2 protein chains.
Amino acid sequence: MAKQKKQPRPRAETPKGFRDYFGAEVETRKAMLEQITKVYHLYGFDALETSAVETVDALGKFLPDVERPNAGVFAWLEEDDQKWLALRYDMTAPLARVFAQHRNDLPTPYRRYAMGPVWRNEKPGPGRFRQFYQCDADTVGTASMAADAEICAMLSDTLEAVGIPRGDYIIRLNNRKVLNGVLEVMGLDEGTARDAVLRTIDKFDKVGESGVRELLGKGRLDASGAYIDGVDLTAEQAEPVIAFLTSKGADMTATLENLRAAVGGSQVGLEGIQELETIAKLLDVQGYGPDRIEIDPSVVRGLGYYTGPVYEAELTFEILDQKGRKRQFGSVAGGGRYDDLVKRFTGQAVPATGVSIGVDRLLAALAAKGRVNTAPAGPVVVTVMDRDRMADYQAIVGELRAAGIRAEVYLGNPKNFGNQLKYADKRASPVAVIQGEDEFERGVIQLKDLVLGAKIAENATLEEWKSRPSQYEVARADLITEVRKILDADHA
Amino acid sequence: MAKQKKQPRPRAETPKGFRDYFGAEVETRKAMLEQITKVYHLYGFDALETSAVETVDALGKFLPDVERPNAGVFAWLEEDDQKWLALRYDMTAPLARVFAQHRNDLPTPYRRYAMGPVWRNEKPGPGRFRQFYQCDADTVGTASMAADAEICAMLSDTLEAVGIPRGDYIIRLNNRKVLNGVLEVMGLDEGTARDAVLRTIDKFDKVGESGVRELLGKGRLDASGAYIDGVDLTAEQAEPVIAFLTSKGADMTATLENLRAAVGGSQVGLEGIQELETIAKLLDVQGYGPDRIEIDPSVVRGLGYYTGPVYEAELTFEILDQKGRKRQFGSVAGGGRYDDLVKRFTGQAVPATGVSIGVDRLLAALAAKGRVNTAPAGPVVVTVMDRDRMADYQAIVGELRAAGIRAEVYLGNPKNFGNQLKYADKRASPVAVIQGEDEFERGVIQLKDLVLGAKIAENATLEEWKSRPSQYEVARADLITEVRKILDADHA
């Protein structure tokens, strides 16, 4: 072999903003995604898995005159054909590409779900990573409000399927067209004032009616003492926004009536209200009442591409924040109708609507509710008392596995028995199996119940262990029965 | 909104060498990975999911003086800290990085499994993609041959769990040390002659003993008529290689005896034979006989980093190739012991052994054996006869889902009923539910058995459908019972 140049050792670290997931973290997420998949599948949605890599052209939203189009995405130039490729930043852009590419072969409407990692080339922060999971469901190719209603119902079923009980969440529904109607009435169809009003509406949840009044007017002193400039509307000018935001009534009928007043004669506004009414009626007949899904005019949803109904799922239970203060958990999923994404490719508008679940936030919510299974799922550890009997220990572990019990032989250096028990501890093992020369001769085996047992003393000898009540001898022939007893008791 | 510059439409296509996976393709793979996971988990292996992105430094194997280190990987330069990042090209390099980074927190030995996509920046070809799945299991931190034996046993269990019956596969085991011993005896410790001999050994399966003799000597005319140059050894010099390759005996004991003769007095060779003997004994006591795992000296495994036992799983049943000729399916998994990967980071050698399953090849094998479930998993499609009754159709579909039956309402334009049936056909739907004004009034519903039914005629009218025997009327109240009858019959 050729002699190599001496190089400095590489650092063993993930790139900034990326992380590893171990054991239970992986399994818990997989289990939750599986529960979500089952609901999506039941609703007739089909799986789609696109590759992680797309052409930058297909992803879109990038300026053609930027030399290196890496704002927001991880991108690189293919040397042979001088094309820019990039990691997908969401599941919607690849869906639009797939539908445009395969539209003749796909059923229309096309219901699809997709789950997997997406990548954002953004500054990482605490709890903010540059690779994270999304779990989307979209219906492409129908303008029917029944598609939007269906996704709201499915989102409700999904949250309950993963373990968020009814009453702990609410799906809030709005329509961009209603909002556009209000802005039309105000004469704010376009421009910076319109954007400022939209940003203010988005703050309604936090600052309330009086806060929005201030922000639409001269401005407001916020909680931190900073002065936030206002939009500088007169009280009269601001009135339609206030009417809109406070239009939530005792029931959907009342809310829709109030909204109708808020949009006045705006055609697009009335169209939006009609759409909300259709969705509400479809949901009502299926029993999705205001305890699960409600019309809430304060829902805006940031993304510019929404063109009709928008919806989001909010968890309404309280958790303690890092400073010990109670706060509501907030949004875990959101989406809406977007009609122009496929048009980029084909020139023809294709109506579509869909939802994206924030997988990590939903997992965090389940953990906060104690809904994540934290029981030790570690394997039974068969310790090695006599290195020459490895074949016998393998036979024991084989028997356990054949009975469906997760089990492993200790494969480190068996010299120090304490290390083996420390290892079992690190593995969250429920049972250690111990069999030395003496036990082999007598046809017995020692079982150590590690869940019941006290914290394992370091460098404990076998004799110390034998005196503990959580360790006892059983007939070798009863191995499976006796291990099962311990496992059943641990999970009782 | 500001006026936008007119741009050419982007092409709706995947980048070269990438592809999309639809519906059943995604589900079939997921189901197989789930079966594999269950076996790995049973053996005490823990999940690990690293990010797709690693620093190029951590991935290693790249020359430091290459300006753009993208030979083989997809890499890009981080602008803020001038670090090269890349997509992982396998699961082993990230494992070495993780173990070096977290070695104080991880149990030792550390058994981990990982499954997910890897990326190779290689020239794509037919059936050769630049993103594909790997599914690995490795044990890090033990030199014990019991770890290698365990992985071979687990691989055997895994193949049977996914549906490859015993007798249709064989796990072939060898040891690099034995091979090194043979080369040592020949005086070929290093250099180009050694590499040429290794490449020749790798061809034993294809060209047989006489072919290897020719290739070690003057060369050989291959089947296509091309002349392949030989290594230019004398017959005497080549003898140890031939003895090694033909050392497979009637049983393991005989094979080991033959190998012992082949390595002569080589210390490393004898060590390798001792290791094989230990593994064989451990497997034997667990009942993994030569019908599942055998020692086969012709197994080399390409990767340079293997240092001890190597193993691969070969499927032994015959399939027809594209030209209709019978051929054996070949290798679907392989691995071995590698002791130096963690050392790159820490300076300390950490022994490790592991296997990688070629997910796509294994899926192809299962498909070839007819082991992949191809029954239609499409949803029951509730057709729309009367647009104003959408709420009623939603109620029907809700009832079906509540009973656990996959179902959807047709959400396209309902005007042309034939299109609805074409849609149901494209969805591989087992049942279409039909309810018009008349059926509503009479409290009945039409069920169309689409699996039994003949191929759907285009633009058929409802009346035509009613005359077919596979379509019949049932009481609305019996919907669930009657749909279940059809589904059960379809799967019988």
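These numbers were taken from a predicted model, which means no experiment stands behind them. Residue numbers begin at 1 in each chain, while the letters A, B, ... track the order of the sequences.
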*Would you check, one step at a time, whether the test side-chain contact (heavy atoms from CB on, under 4.5 Å) holds for A:Glu150 with B:Leu411?*
CA-CA 10 Å; A:Glu150 178 176 87; B:Leu411 287 184; 4.0 Å; yes
Engaged part of [X] at the chain A interface, taking heavy atoms whose separation is under 4.5 Å:
X	value
B:Ala52	both
B:Leu48	both
B:Phe132	neither
B:Asp284	neither
B:Pro379	side chain
B:Thr37	side chain
B:Glu78	side chain
B:Leu87	side chain
B:Lys38	neither
B:Glu25	neither
B:Tyr393	neither
B:Arg427	side chain
B:Thr50	both
B:Pro117	neither

Winner by heavy-atom pair count (cut-off under 4.5 Å) against chain A, out of [options]:
options	answer
B:Leu42, B:Thr14, B:Thr55, B:Thr142	B:Leu42
B:Gly287, B:Ala395, B:Ala146, B:Ala100	B:Ala146
B:Glu399, B:Gln286, B:Glu54, B:His41	B:His41
B:Arg401, B:Glu34, B:Gln101	B:Arg401
B:Gly141, B:Pro94, B:Gly347, B:Ala153	B:Gly347
B:Lys30, B:Lys343, B:Arg387, B:Arg112	B:Lys30

_Intermediate values then yes/no, side-chain contact (heavy atoms from CB on, under 4.5 Å), B:Asp57 and A:Arg11_ = CA-CA 7 Å; B:Asp57 277 355; A:Arg11 288 176 67 92; over 6 Å; no
Does the side chain of [X] reach to within under 4.5 Å of the side chain of [Y], using non-hydrogen atoms?
X	Y	value
B:Pro109	A:Tyr410	yes
B:Glu49	A:Arg29	yes
B:Pro10	A:Arg344	yes

*Salt bridge flag under 4.0 Å for residues B:Glu13 and A:Arg97*: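 Salt bridge absent between B:Glu13 and A:Arg97.
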_A:Trp76 and B:Phe74 aromatic ring geometry - parallel, tilted or perpendicular at 30°/60° bounds_ =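 B:Phe74 and A:Trp76: tilted rings.
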*How long is the gap from CE on B:Met390 to OG on A:Ser144, to the nearest 0.5 Å?*
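Taking CE in B:Met390 and OG in A:Ser144, the distance rounds to 4.5 Å.
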*Specify the closest pair of heavy atoms between A:Asp20 and B:His102, including all atoms of both residues, with the distance to one decimal.*
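In terms of heavy atoms, the two residues are closest at OD2-NE2, 3.6 Å.
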*With sequence neighbours left out, write down each residue that passes side-chain hydrogen bond (donor to acceptor under 3.5 Å, both in side chains) with B:Gln131, or none if nothing qualifies.*
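With neighbours one apart ignored, the set is B:Trp119.
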*Only counting residues at least two apart or in another chain, list the ones meeting side-chain hydrogen bond (donor to acceptor under 3.5 Å, both in side chains) with B:Tyr43.*
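Expected list: B:Asp157, B:Tyr288.
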*Report the option among A:Val397, A:Leu282, A:Asn413, A:Val39 that has the most heavy-atom pairs separated by less than 4.5 Å from atoms of chain B.*
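Top option by heavy-atom pairs under 4.5 Å: A:Leu282.
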*chain B interface, residue from A:Val381, A:Thr346, A:Asp392 that has the most non-hydrogen pairs under 4.5 Å*: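 Ranked by contacts with chain B, first place is A:Thr346.
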